[in-house]
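Here the structure is laid out as structure tokens; the discussion comes afterwards.
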Amino acid sequence: DWPGSPSYSVFSSAYRAIGATQVANAIDQAIGLFPFDEPQLKLELRNEFLSTLPENHLLFQLGDSICGNESIWLQLSEYVRQNAQAFRSA
């Protein structure tokens, strides 16, 4: 859970903004695998659903493709470099 329970689309949009389109698509695809809307708001239902899935389920494969993906850090670094002025304090 994240403070304020933002929509998972906030995260996929952020990944798209830095050029990590594959990661953004994986997040969106994972969200679509939940059999209910707004899984970020339904912790118990989300955990119950996840507990029914086998370890090799696509949802976990998508998560594994994101976690530990070193290319994301490179894309983020490049994004910051190209947009350095936006990160400077006034």
Side-chain angles (χ1 to χ4, degrees):
D1 285 339
W2 293 95
S5 300
S7 170
Y8 291 133
S9 65
V10 169
F11 299 98
S12 60
S13 293
Y15 281 108
R16 271 193 191 81
I18 67 165
T21 305
Q22 286 182 306
V23 171
N25 291 343
I27 292 170
D28 291 340
Q29 185 178 2
I31 302 310
L33 295 173
F34 283 89
F36 49 88
D37 292 335
E38 299 184 319
Q40 77 280 1
L41 301 177
K42 301 168 183 162
L43 176 62
E44 287 186 34
L45 192 57
R46 187 174 70 231
N47 286 339
E48 182 180 313
F49 173 67
L50 292 172
S51 72
T52 68
L53 303 177
E55 288 182 25
N56 64 344
H57 191 274
L58 176 59
L59 189 58
F60 298 126
Q61 292 174 22
L62 291 166
D64 290 344
S65 74
I66 296 169
C67 295
N69 184 335
E70 296 293 326
S71 70
I72 295 168
W73 295 108
L74 297 172
Q75 289 168 302
L76 180 58
S77 294
E78 181 61 19
Y79 179 85
V80 170
R81 189 186 67 72
Q82 290 180 2
N83 297 280
Q85 65 277 14
F87 296 97
R88 291 190 180 105
S89 60

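We count residues from 1, following the sequence as given.
Residue Glu55 qualifies as open at atom CD: its count of foreign heavy atoms under 6.0 Å is 12 or below. Crowding of Gln22 atom CD: a count of heavy atoms from other residues, nucleotides or ligands under 6.0 Å not exceeding 12.
Using a 4.5 Å cut-off between side-chain heavy atoms of Ile, Leu, Val, Met, Phe, Trp and Tyr, with links allowed through other members, Phe60 and Leu43 fall into different hydrophobic clusters. Follow the hydrophobic side-chain contacts under 4.5 Å out from Trp73 and you reach Val23 in the same cluster. No continuous path of hydrophobic side-chain contacts links Leu74 to Phe87 [ILVMFWY only; heavy atoms under 4.5 Å].
The CD1 atom of Ile31 sits 7.5 Å away from the OG atom of Ser7 when rounded to the nearest 0.5 Å. Note that CZ of Arg88 is 10.5 Å distant from CG of Asn83, once rounded to the nearest 0.5 Å. Atom-to-atom distance recorded for Asp64:CG and Leu59:CG is 10.0 Å, nearest 0.5 angstrom. Here the CG-CG distance, from Leu58 to Leu53, works out to 10.0 Å after rounding to the nearest 0.5 Å. If you take CD1 on Ile27 and OH on Tyr15, they are separated by 5.5 Å, rounding to the nearest 0.5 Å.
Annotation for Gln82 and Gln85: closest pair O-OE1, 4.2 Å, computed over non-hydrogen atoms. A pairwise comparison of heavy atoms in Ala26 and Ser65 identifies CB-OG, 4.2 Å as the closest pair. Closest approach of His57 to Leu33, counting heavy atoms only: CE1-CD1, 4.3 Å. Residue Leu62 comes nearest to Gln29 through the heavy atom pair CD2-OE1, 3.6 Å, listed as atom of the first residue, atom of the second, then distance. The two residues Ile72 and Ile66 come nearest to each other via the heavy atoms CD1-O, 3.8 Å.
Contacts of Asn25 classified as side-chain hydrogen bond (donor to acceptor under 3.5 Å, both in side chains), with partners at least two apart in sequence or in another chain: Arg16.
Between Phe11 and Tyr8, the ring planes lie tilted relative to each other; the angle falls in the 30° to 60° range. The aromatic rings of Phe34 and Phe49 sit tilted, their planes meeting at an angle between 30° and 60°.
Listed for the Gln75 side chain is a donor-acceptor partner under 3.5 Å among the backbone atoms of Gly19. In this structure, the side chain of Gln61 engages the main chain of Asn56 through a donor-acceptor pair within 3.5 Å.
A 4.5 Å side-chain heavy-atom check between Arg46 and Glu48 finds every atom pair outside the cut-off.
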